[in-house]
Amino acid sequence: MPSPPLSLVQSLSPRIAVLTSEDVIHSCEANGCRGLEELLRPWEGGTERVSILSSTLTPTIHPTFPLRFVSFESVYTNPALSSPNPDVVVDLISSFVGAKKPEDEQHYPLTRSLLLSSRPLASHETFDHPVGVLFAVSTATSDPLGTINRLHAQTTGSAAQSVPWMDGTNVLRFYVVIHDVNSMGDDTTPAHELLANVKKAYGPHSTLLVINSQIERRIPPESPDVSTHPTIPLPRPFTPDIVTPSALSQVYASALSSLTLSPMAAASASLGGRAVSDTPSTPTKPARRKLYGAKLTAEDTQRLAALVRELVVQSLVPWMEARVREWNEIYHSNRRGITGRLFGAGRKFFGSRPNSPAPGTTPTGYNTVKGYYPISAVEALSRRLADFAFMLRDYRFAGNVYDSLRRDFAQDRAIRYAAAATEMYGLCLLLSHNFFLPSSPPTVAPTPFTNLQHSEITSWLEQAVITYHQRGPASQIQLDALRVTVLYYEAWKALGEWRGVGAALVKSAGEADEVPSAVLIEEAAAADVKGGKSTKGQRRRAFHLVLAARRYETAGLKTYSRRCLERASKIYRASPWTSAQDRIEYSLGRQAYTLGESDVAVEHFLRLLRREDTGVSGSQAGPLEDMALAYEQLTAHPELPASSTERLQLPTPVFDVKRTRIIASSSPSASGSGSSRERWVALEAQALGSWDRKGKKPMTLLPDERGTVVGVGESFKVELVATNPLNAPLTLADLTVSFDSSDGVNAETVPEIHLEPYETRCITVSATPRASATLRVHEVSFIFHRFFPCAQTLDRKGKRLQVTKAHKLKPTYAEDNSLNISVLPARARLEVQLVGLPEMAYEGEEVEAELFISNTGKVGVEDVRVIWNEYGMIRRRNVATDYTEHTDTITSIPNLIETNVSTILKSELVKPGESLSVPIIFTGLRAGPTDLLGLVTFLPEAKEMTIAEVVAVEHHIDVRPLVGLRAMMKPAGSDTTDSIVALEVTNASSEPVRIGEIRSVSPVWILETSHDLSDSTLLPNQTIRTILSVKRDELIPASLDLGQKKVVAALGRLIQGQPTDEVSAKLDSSISLAGPPIPSILEYAYLSSRRTSRLAYLAQNFPTVPKSALSRIFPLIEPSDLDLIFSYSIPSSSQKGHVTLHSLRPAPEFSLVEGLRREVEAAIASGSKTTRTMYEETGRLRRVLMDSVLEGCIAREGDPVIVRIRIGEGKRGVVEHDFANGATRIPVVFEFQNRSLYLPVRYVMKLPIPSTQQQDTSISQPHFIGNLSHRGMMSAGSKEEVNTEIWVHEPSLVNLEGWELTVETGEPLAEVEEGEWRARMSWSRRGGEKIVQVVQKA
């Protein structure tokens, strides 16, 4: 049977004042109680199944109906005893919470009990006003009736009206006759006679209570547990078969130590101070003993419980029901008047009462001076009516009364009254939920409020809390706001309603730095993650925990503050809110350092040293200094660092384990420039692809990445990549590495390394093995910022295994051997260095250098070769040709794209200790940073089987642009020149540059320079422009394949699906050059530059064709290309070189794959089957290949025909004629030129028909005469003229526009049958403006 929470009902239950004679007090003291109110205390909440009539006379059985028994003196005589000072309550809460350990989780129950049980006797509410008075007289009294009369007189008249706002007379009076068996014997006849007289004199609300029936002396039990607690004990009356002195004593000890039932008494006893209780101690009222119920029997406990039930069921509840009905009539009669009907307006103009009563009258309105309503006021009676209805569980009726009262109070500006009514109105709405009805099944889950209902209830609470907080400064705690919020919170918890609960608790806590506020905020943090919000409310919970921690720390409860911060830290550690986490960790570290827990402080400070890319620069320097102080204190206790080693670890590793590697003297990147292994592997593949040595070709040349092989006494390096994780400078001291077997290794120790914020640096530690062994790098040790010793393991996982079922179910990794070192007794070894090669060179510059080779091993080597990753950039210098003046020229050059192969440095034996120097020339083929990687391979001297060894050489050079070249091609208008090149040369360097000779390289075109740039000096950023003439060679050999049929055939096989490694165009090895030959000294540099440019161009336009296949399919030089070679020198130094401008196209482009396109389209149209692919990606790559071939760079075709117009006798477009002799005919010649090197064209030209309309403009249209349509065909490179005339009859400006030309290219005539025309593409154009001026001849 559900009901409102017991803590809520108990705190707002009816209050009964107990007034007894001295004999009764003595009888109670025999049981360790100071009065009858304490003797009844364990049984005041045990009345069950009480039937109560509602305002509609509907009976409802409620599961419990608790009471609150208090002494008469604390209510009537000295009401201040029932109204503790708020500061005292706050101090009590602080003391009790501070006395408990945080892990006991008693902070909220203690706070709740003390807040609800310390409600003061106030004017704005009547819950602590007495509902009834219980009179008790003993049969041992000499004059019992007279004693009752004297007691009764204390509750009437002015004695009962201690304060003007509390009705102390209109209360239930209940009379009890007590018979003490221990002092008066077993005969109860006098007691019954006295009871009859009392009933005759005071009415039926009387009863008899027999106590102290234990006459025989029994052994005193052990002292019970009298520690204070926040619970509400609800014991059952004992029966003779189960009663024991210890159990009976413990029942009373629990009730009298409860902070809910006896708050002030329990607090006083617990704190050891003066008893501030309901019954003050006097000489006749000794301090409480730790022995209770010594004279009580099981029957006595049953009689005490029966007394309480009789008081509730037969007297109190019926009396309160009668008062509710009586006051309800008064309330409604007052609301039915004109004042009630007109609401606020009626009250203002018709029913308001003066603020100050007239002399001789009884005030009935709100006293604004003293701030209360007198008991005669209707508002005071209505408030008591609403409180009675609330205590009788008629929440709907009580809510209606509270609702009307809050309006009346607000109009009278009785702010405190209005806030109290508002809070109770919202609480009534909350308790009116069907879940709290006694008829609701206890197993049915409560139906949640709608959003509107919940918002309304929350708004009433918020209004009340805001009103309470406005009564004082923000830093002052308001217990009324805390109390009402706790009442709401208890009801919300019972309903399982958590929406907005945390926010309500935080608002009620206000800004006061007191323990109750901190407790409620911490409770708000717990509520934030309830009700299905466990993931959404984590951030809010962490914030509230931090807020509670701050208030705990301010209030002096550092253990609770630390507990809150630790809980918040756990949330923030798993979230990206690093700024809040840093603040929490820093506070925890400071607290631990203050408490002397240095190891914990260091642990928290370490968490502040993780990497933060969003932190304020330098913000981690302070925690680093604090950590140094804490660690200094920690090292003062040697046992602490040893026990806390596992916990004290850096949150962010300094060294990147994955990038740690072993570098032997022969390993790639031994110089430390850090090129990726993929590039070395690619270079190794090129070296193995051109392997032509004796013996079996090795499977690999590079040292195994999973392990390193060195010889005894051969040093190797451990390359560590260190990153400063802090935003402050960091120093690493005494850095070294350790091996799993360190006996045979001498490892270097790096003294100090300074890292700037977030700096990443490669650190190498040298090590030298002393004996043959297998070593493994285990860990790196260092001193973090000169005070904190650290050791970071370098172990890492290998490849994940997927072989067995167990591997797939549970991740299993192979052993990683990349940090293993195999130490051999002796082996062949070379040291190679690039000498004289600078770190910067200009594009095209030739630099002389040397490759210094030294045999540092104990075995001779032979057949020393080198292969470079950048083809052509480094070549061996030939002293016989490179240092002599010669005039050798070449008329043909290789036309194959050469593959990268090894170059022989020395084939003879190089003995141990012998050195040699190989002269080389470096050429900067392209601008930009360049990593030169070289693999020097050699064979150890051996009589039997030889194993190839390798040593890596690496150099980084920055090739900077020197001159910028731009060229624009344009058809020439002369018979001797086909095209002109508008050339622009810009000095892009900071040095003056002298331009030398310009040479051309092309199988078809010849350069005829009209402006010589020789010896032209360009200053920095200076630009020079010139015009170059280009003419087609008339002696083009017939063997020159302009259509590149072999290339097209190879591409066709690729489209058909033939594997790329099987496709080859079988190109000619060389190609003849047109024009003047080039010097042989330029051949190597030119071919290397051409190869680099050609491969980049082909890779961009044919992305699906492997780079290795491009050299087999495409030639190095296309027949129609023109390359320009520019020689230059720098006057301020001896630097010189050549820059090449590649792939100029003087002639229009034509499609090489037009025939192939027709074949593909015919195959698609015929529906022939295509090769099916299993994977979609394969099909996509084939489609990309077809697009790059059929729609790419080799499929472009442009209009090859240019048109020039000449006027017969005109000079510069001016014709003279004497029109006195009549009109004239002016000859016009249209000259057509087919600029294509390969394709014939057909054309159709249509001249415009003369217009008969009058033209208003000064420029007249042409009047062509004769044939207006002309057709013809031109072979590749040919010209043709069309002669026509225009008729002019007067001087004028004639615009020769409007003619139309249609051009169509066809397949070469040699490739089709005689008389056949196979069209390719067509273009149409319309003649533009061409002005002819016809003037009168002078």
Side-chain angles (χ1 to χ4, degrees), residues 8 10-17 68 70-90 92 114-131 160-168 170-171 263-264 276 278 365-377 379-391 398 401-402 405-406 408-410 412-428 461 463-465 467-472 476-487 508 516:
L8 188 153
Q10 176 69 37
S11 65
L12 300 177
S13 60
R15 207 174 190 199
I16 307 297
R68 289 180 293 165
V70 297
S71 66
F72 181 84
E73 183 181 1
S74 65
V75 178
Y76 285 89
T77 307
N78 188 7
L81 295 176
S82 295
S83 303
N85 189 290
D87 294 336
V88 174
V89 176
V90 172
L92 286 175
L114 286 171
L115 282 175
L116 297 183
S117 60
S118 61
R119 180 184 295 270
L121 194 65
S123 60
H124 58 274
E125 63 180 13
T126 65
F127 286 109
D128 276 6
H129 296 194
V131 178
Q161 201 66 36
S162 57
V163 287
W165 38 262
M166 184 181 72
D167 190 356
N170 191 11
V171 296
M264 295 299 105
V276 182
D278 292 338
Y366 181 66
N367 191 329
T368 58
V369 178
K370 297 183 178 180
Y372 66 87
Y373 286 96
I375 60 175
S376 59
E379 289 83 357
L381 185 66
S382 299
R383 172 66 200 215
R384 197 175 187 197
L385 165 65
D387 291 346
F388 269 42
F390 187 92
M391 288 185 283
V401 179
Y402 285 131
L405 284 176
R406 67 178 183 83
D408 296 343
F409 293 150
D412 289 343
R413 297 182 182 177
I415 305 302
R416 189 70 179 272
Y417 281 83
T422 301
E423 73 174 52
M424 294 307 300
Y425 174 55
L427 187 59
C428 288
L461 171 62
Q463 287 184 29
V465 169
T467 303
Y468 289 137
H469 281 298
Q470 289 176 346
R471 295 175 53 215
Q476 181 179 350
I477 192 168
Q478 297 296 330
L479 296 184
D480 290 332
L482 299 181
R483 285 192 192 95
V484 63
T485 306
V486 169
L487 293 175
S508 68

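Below, each value reflects all heavy atoms present in this structure, side chains not excepted, and no hydrogens, waters or symmetry copies.
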List the atom of [X], the atom of [Y], and the distance in Å for their closest heavy-atom pair.
X    : Y    : value
G365 : P374 : O-CD, 3.1 Å
V75  : V70  : CG2-CG2, 3.6 Å
P164 : I375 : O-CG2, 3.4 Å
L487 : S11  : CD2-OG, 3.8 Å
Q463 : T467 : O-OG1, 2.8 Å
H469 : A481 : NE2-CB, 3.9 Å

Open item on the list: Please determine whether side chain to side chain contact (heavy atoms under 4.5 Å, CB included) holds for the pair M391 and V131, giving the CA-CA distance in whole Å, both sets of side-chain angles, and the decisive distance to 0.1 Å.
Closed with: CA-CA 11 Å; M391 288 185 283; V131 178; 4.1 Å; yes

Atom pair [atom1]/[atom2] of [X] and [Y] - distance to nearest 0.5 Å:
X    : Y    : atom1 : atom2 : value
S71  : I16  : OG    : CD1   : 13.5 Å
R383 : H124 : CZ    : NE2   : 7.0 Å
R119 : R68  : CZ    : CZ    : 7.5 Å
D128 : M166 : CG    : CE    : 10.5 Å
Y402 : L385 : OH    : CG    : 9.0 Å
T422 : L427 : OG1   : CG    : 12.5 Å

Open item on the list: Checking Q470 against I415 for the side chain to side chain contact (heavy atoms under 4.5 Å, CB included) test, could you report, in this order, the C-alpha distance in whole Å, the side-chain angles of both residues, the deciding distance, and whether it holds?
Closed with: CA-CA 10 Å; Q470 289 176 346; I415 305 302; over 6 Å; no

Are the side chains of [X] and [Y] in touch, meaning some heavy atoms are under 4.5 Å apart?
X    : Y    : result
Y76  : P130 : yes
R471 : Q476 : no
S13  : Q10  : yes

TODO: Show your working on salt bridge (charged side-chain N to carboxylate O under 4.0 Å, His left out) between R483 and D480 and close with a plain yes or no.
DONE: CA-CA 5 Å; R483 285 192 192 95; D480 290 332; 3.0 Å; yes

Task: side chain to side chain contact (heavy atoms under 4.5 Å, CB included) evaluation trace for T368 with R413 - done: CA-CA 8 Å; T368 58; R413 297 182 182 177; over 6 Å; no

TODO: Could you tell me whether a side-chain N or O of H129 sits under 3.5 Å from a main-chain N or O of A122, the two making a donor and an acceptor?
DONE: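 Yes; judged by distance alone, with no hydrogens or angles, the pair exists.
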
TODO: Identify the residue among V171, L121, T126 that makes a side-chain contact (heavy atoms from CB on, under 4.5 Å) with R15.
DONE: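 That would be L121.
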
Task: ring-ring contact (aromatic ring centres under 6.0 Å, His included) partners for F127, two or more places apart - done: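 Checked F127 against ring-ring contact (aromatic ring centres under 6.0 Å, His included); matches are F390.
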
Open item on the list: Test of understanding: with side chain to side chain contact (heavy atoms under 4.5 Å, CB included), list the residues that count as partners of A414, not counting sequence neighbours.
Closed with: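 Once residues adjacent in sequence are excluded, the partners of A414 under the side chain to side chain contact (heavy atoms under 4.5 Å, CB included) criterion are Y366, Y373, F409, Y417.
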
